[in-house]
Amino acid sequence: MAAVYQALHRRVSSLACRLHSTYVRKMRYLNQLKEDDSLCRQAQTSGTFYLFHNLSPFLQKAGKKYLVPQLSATEMRQILEKFPEAEQWIEKSVLIGCSDEHRPRFALDLGALDKSVIESELQGSFTDLRKALFVVDSEDSPLLASAQSLLRWHDSHQYCSKTGQPTQKNAAGSKRVCHASGVTYYPQMSPVVITLVSDGSRCLLARQPSFPPGMFTALSGFCDLGENVEEAVQREVAEEVGLEVQSLRYSASQHWPFPSGSLMIACHALVAAQQAEISMDTLELEEARWFGLEEIVEGLKREPGSSKQGDGSFLPWFPPKQAIAHQLILEWLQQQTAQTA
Ligand SMILES: NC(=O)C1=CN([C@@H]2O[C@H](COP(=O)(O)OP(=O)(O)OC[C@H]3O[C@@H](n4cnc5c(N)ncnc54)[C@H](OP(=O)(O)O)[C@@H]3O)[C@@H](O)[C@H]2O)C=CC1
Ligand SMILES: [Mg+2]
């Protein structure tokens with residue numbers, strides 16, 4: 001029996017080792033492409049391309065599914081030939097990853113070109129990211145989110161903030177340089193804390209006036225400069241609902257492309273049940289309240305379409321699985337269920 005376990009252990013270890021080395025080789029290859037412009041330009045000739053138009057990704061509909069097509073360099077040339085100065089367009093692409101076989105993936109925004117020509121040629125449509133993220137396969141949404149954030153960053157950092165001179169991107173799009181001042185700019189993102197507050201038996205969800213009707217989510221807020229995650233969570237909870245956090249636990253993080261590339265840092269926070277009276281910040285929030293276990297179970301079953309009642313009001317529903325708020329709510333539910341079992 002011991003021999004069988006040892007053999008199994010050896011197989012698992014060797015598999016893990018192979019998986020690891022594939023990952024390491026891939027990351028090192030991507031890093032090389034970021035550092036070496038000529039290698040990256042060469043890679044553009046064998047890579048695949050995701051298309052955007054004014055930051056909306058290109059999708060194709062196949063039955064009920066939405067696909068995110070990857071175009072080959074040849075297909076890209078065929079499309080770009082329809083427009084003047086085709087060659088310049090490939091230069092604008094940014095590196096967003098590569099396959100395990102080291103086939104690089106790029107994203108390219110063709111915002112200055114006539115979108116109807118591209119849409120009819122490729123039989124699909126450029127779709128707002130707020131819709132696209134929720135209709136594509138779950139492995140495609142993080143890719144669209146990070147590609148759009150990078151394209152957005154390039155679009156809004158074309159000039160040096162010190163000299164006002166144009167900045168130039170490197171081939172991979174991992175940085176921009178102002179040759180007049182020598183300043184190098186790197187893509188930025190904003191850390192945001194998202195916190196599911198619990199008083200031990202209920203959890204606190206809130207809505208902003210801009211949310212779709214009926215949608216409630218966990219409290220969130222941008223970190224201030226100089227703050228750590230714990231301080232940001234405590235401050236946001238105090239500011240938005242007037243409660244004092246007793247303890248907090250990190251859960252997970254997620255890149256979120258709205259409003260312009262955020263790193264969502266998700267935590268669970270506990271407040272004392274005896275001091276759980278909400279005092280809401282009415283400038284930011286429209287409603288904030290405690291939800292019991294049953295209400296959370298019911299809310300998770302609802303979708304935007306099924307939450308409207310006969311009198312025009314909306315029953316609560318929560319963000320879809322692509323948003324990290326959903327994961328926090330599920331974790332809280334599991335914890336409560338385990339406690340009450
Ligand atoms: N993935 C998920 O599950 C969820 C994601 N989120 C995301 O979290 C983000 C932050 O949540 P929110 O509650 O609005 O944040 P805040 O509570 O921090 O309030 C937003 C306000 O903060 C100010 N602000 C400070 N720093 C920034 C910055 N770097 N970028 C933009 N605004 C800033 C702005 O005020 P002013 O304009 O007055 O200067 C803005 O209107 C949202 O963009 C939302 O998309 C939220 C919930 C769930
Ligand atoms: Mg907030």
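Atoms within each ligand, like the ligands themselves, are counted from 1 in listed order.
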| said: I'd like to know whether CD of Glu277 has more than 12 heavy-atom contacts from other residues, nucleotides or ligands below 6.0 angstrom. | reply: no
| said: Give me the residue, atom name and distance of the protein heavy atom closest to atom 14 (O) of ligand 1. | reply: Gln208 NE2, 3.5 Å
| said: For Ala325, which part has a heavy atom under 4.0 Å from ligand 1: side chain, backbone, both, or neither? | reply: both
| query | Hey, which atoms in ligand 1 end up nearer than 4.0 Å to a heavy atom of Glu240? | reply | 17 (O)
| said: Less than 4.0 Å from atom 40 (C) of ligand 1, is there any heavy atom belonging to the protein? | reply: no
| message | Below 4.0 Å from ligand 1: does a non-hydrogen atom of Glu239 turn up there or not? | response | no
| task | State, yes or no, whether a side-chain contact exists between Val237 and Leu219 at a heavy-atom distance under 4.5 Å. | result | yes
| message | Salt bridge or not between Lys65 and Asp137? Use side-chain N to carboxylate O under 4.0 Å. | response | yes
| message | Looking only at protein heavy atoms, which one is nearest to atom 48 (C) of ligand 1, and what is the separation? | response | Ile194 CD1, 3.3 Å
| field | Is_contact(atom 17 (O) of ligand 1), protein non-hydrogen, under 4.0 Å | value | yes
| query | Should Lys92 and Asp109 count as an ion pair when the cut-off is N to O under 4.0 Å? | reply | no
| task | Measure from atom 45 (O) of ligand 1 to the protein's non-hydrogen atoms and state whether any distance is below 4.0 Å. | result | yes
| said: Checking one value in my table: which N/O/S atom of Glu284 lies closest to the Mg ion (ligand 2)? | reply: OE2
| query | Ion pair present between Lys131 and Asp128, side-chain N to carboxylate O less than 4.0 angstrom? | reply | no
| task | Answer yes if the side chains of Ser251 and Glu331 hold a donor-acceptor pair under 3.5 Å, and no otherwise. | result | yes
| task | Could you tell me if any non-hydrogen atom of Gln322 lies under 4.0 Å from any atom of ligand 1? | result | no
| said: Given Gln254, Gln327, Arg235, identify the one with the heavy atom nearest to atom 1 (N) of ligand 1. | reply: Gln254
| query | What is the nearest protein non-hydrogen atom to atom 19 (O) of ligand 1, stated with its residue, atom name and distance? | reply | Glu284 OE1, 3.6 Å
| said: Taking only non-hydrogen atoms of Glu236, do any sit less than 4.0 angstrom from ligand 1? | reply: yes
| Among the N, O or S atoms of Glu240, the one nearest the Mg ion (ligand 2) | OE2
| query | Does atom 3 (O) of ligand 1 have any protein heavy atom closer than 4.0 Å? | reply | yes
| task | Report the nearest protein non-hydrogen atom to atom 11 (O) of ligand 1: residue, atom name, distance rounded to 0.1 Å. | result | Ser220 OG, 2.9 Å
| Nearest protein heavy atom to atom 21 (C) of ligand 1: under 4.0 Å? | no
| request: Can you pull out the closest protein heavy atom to atom 43 (O) of ligand 1? Residue, atom name and distance to 0.1 Å, please. | output: Pro259 CD, 3.0 Å
| query | What protein heavy atom is closest to atom 23 (C) of ligand 1, reported as residue, atom name and distance in Å? | reply | Phe222 CD1, 4.4 Å
| query | Under a 4.0 Å heavy-atom limit, does His326 contact ligand 1 with its side chain, its backbone, both, or neither? | reply | neither
| remark: for atom 6 (N) of ligand 1, nearest protein heavy atom and its distance come out as Met264 CE, 3.5 Å
| task | Look at atom 34 (C) of ligand 1 and say whether a protein heavy atom is found at less than 4.0 angstrom from it. | result | no
